[in-house]
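Single-structure report; data block below.
What you see below is based on every heavy atom in this structure, not just the backbone, and it leaves out hydrogens, waters and symmetry mates. Lettering follows sequence order; numbering is per chain, from 1.
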Protein chains: 2
Amino acid sequence: MVVRSQVQPPAWQGISDAFNSECPAREVLDHITSRWGMLILTALGGGPLRFSELHGIIGGISEKMLSQTLRTLVRDGLIARTVEPSTPPRVSYELTALGQGLTESLHLFLDWIRRHTPEVMAAQHSHDRQNR
Amino acid sequence: MVVRSQVQPPAWQGISDAFNSECPAREVLDHITSRWGMLILTALGGGPLRFSELHGIIGGISEKMLSQTLRTLVRDGLIARTVEPSTPPRVSYELTALGQGLTESLHLFLDWIRRHTPEVMAAQHSHDRQNR
DNA sequence: CAGCATCCAAAAGGATACTG
DNA sequence: CAGTATCCTTTTGGATGCTG
């Protein structure tokens, strides 16, 4: 998942460590900003949800990718998985304290997107007219 | 780039429109959180940079992906491309007003990652020991 | 320098079928 | 219900070579 570039200087210091492809922060960034990671984390911001609820809320995700992304995020300590041993089994996912802190900055980011998507669409159309 | 799922209800209303795979906000989200988009936008937060400077700063990116991602972000109106007609040509990229606003929430997000990467790594190792 | 075009390898991701 | 396993398609992305 992390690109290993051999030509990096040994102790690169920049605006963010994530610029360094060797840094573990880059892996964390990749997990969170993966195609479905951000949507899953944001969905759980409203409280615990079960597998099928997540599947219903997030449009277009396959069961495979939901389960796969959840596993990664659970391993990262951002999401907790709870199993109620019943039949049928009830499995719910919720943000850990760590994940909770993350989603606060995440919400600001998604809010920005929601508010400014019209401007971006306008820019796209304007750009497409230029290059016709 | 956007997944077209036909079973979405016509007027889905959720926490964020990005949950709807039909919504243009999802495309904007994908562009920004694409593998290199976030790093490029953050790098430009410090001021205008030329193509080769970006290539040097962002570890592991190929010229192809840099150029491709830049084109998308320019089309989205987040980045401006300026050409000085000289030989050799000097092309510089900088954030537009729109892109500037975005990077503010982006910085909060990357800051969180930088501060909490150690906790995530600890969680990963703890999780790996559990499932050994 | 700042790229685009082409080709190819690798990874991501979807559909389907199946399990406890 | 909550997944896993398999297969297969699509997408991503790197390497290389070429251009104004």
Just how far, in rounded Å, is [atom2] of [N] from [atom1] of [X]?
X	N	atom1	atom2	answer
B/Arg71	C/dA2	CZ	C1'	12 Å
B/Ile40	D/dG13	CD1	P	11 Å
B/Trp36	D/dT11	CH2	P	20 Å
B/Glu63	D/dG17	CD	C1'	12 Å
A/Met65	C/dA12	CE	C1'	6 Å
A/Ile58	C/dG14	CD1	P	12 Å
B/Arg35	C/dG13	CZ	C1'	16 Å
A/Asp30	C/dA10	CG	P	19 Å

Legend entry - Given DNA chain C, 5'-ward residue of the pair A/Ser62 and A/Pro89, judged by closest heavy atom: A/Ser62

Legend entry - Of the listed nucleotides C/dA2, D/dG13, D/dC1, the one nearest the side chain of B/Lys64: D/dG13

Legend entry - Nucleotide nearest A/Ser67 (side chain, heavy atoms from C-beta), chosen from C/dA15, D/dG3, C/dG3: D/dG3

Inset, instruction - Scan side-chain atoms only and decide if B/Gln124 and B/His127 contain a donor-acceptor pair under the 3.5 Å cut-off. - result: no

Legend entry - same_hphob_cluster(A/Met121, B/Leu29) at 4.5 Å side-chain heavy-atom cutoff: no

Inset, instruction - Give me the ring orientation class for B/Phe109 and A/Phe109: parallel if the planes are under 30° apart, tilted from 30 to 60°, perpendicular past 60°. - result: parallel

Phosphate-side-chain proximity, [X] and [N], N/O vs OP1/OP2 below 4.0 Å:
X	N	answer
A/Tyr93	D/dC1	no
B/Arg81	C/dA2	no
A/Ser52	D/dA2	yes

Inset, instruction - Look at all strands and tell whether A/Gln68 reaches a base, only sugar-phosphate, or nothing, counting heavy atoms closer than 4.0 Å. - result: nothing

Inset, instruction - Identify, between A/Glu53 and B/Pro88, the residue whose nearest nucleotide on DNA chain D lies closer to the 5' end. - result: A/Glu53

Inset, instruction - Answer yes or no: is there an ion pair linking B/Arg35 with A/Asp30, defined by an N-O contact shorter than 4.0 Å? - result: no

Legend entry - Nearest heavy-atom neighbours spanning B/Leu95 and B/Gly45: CD1-CA, 3.7 Å

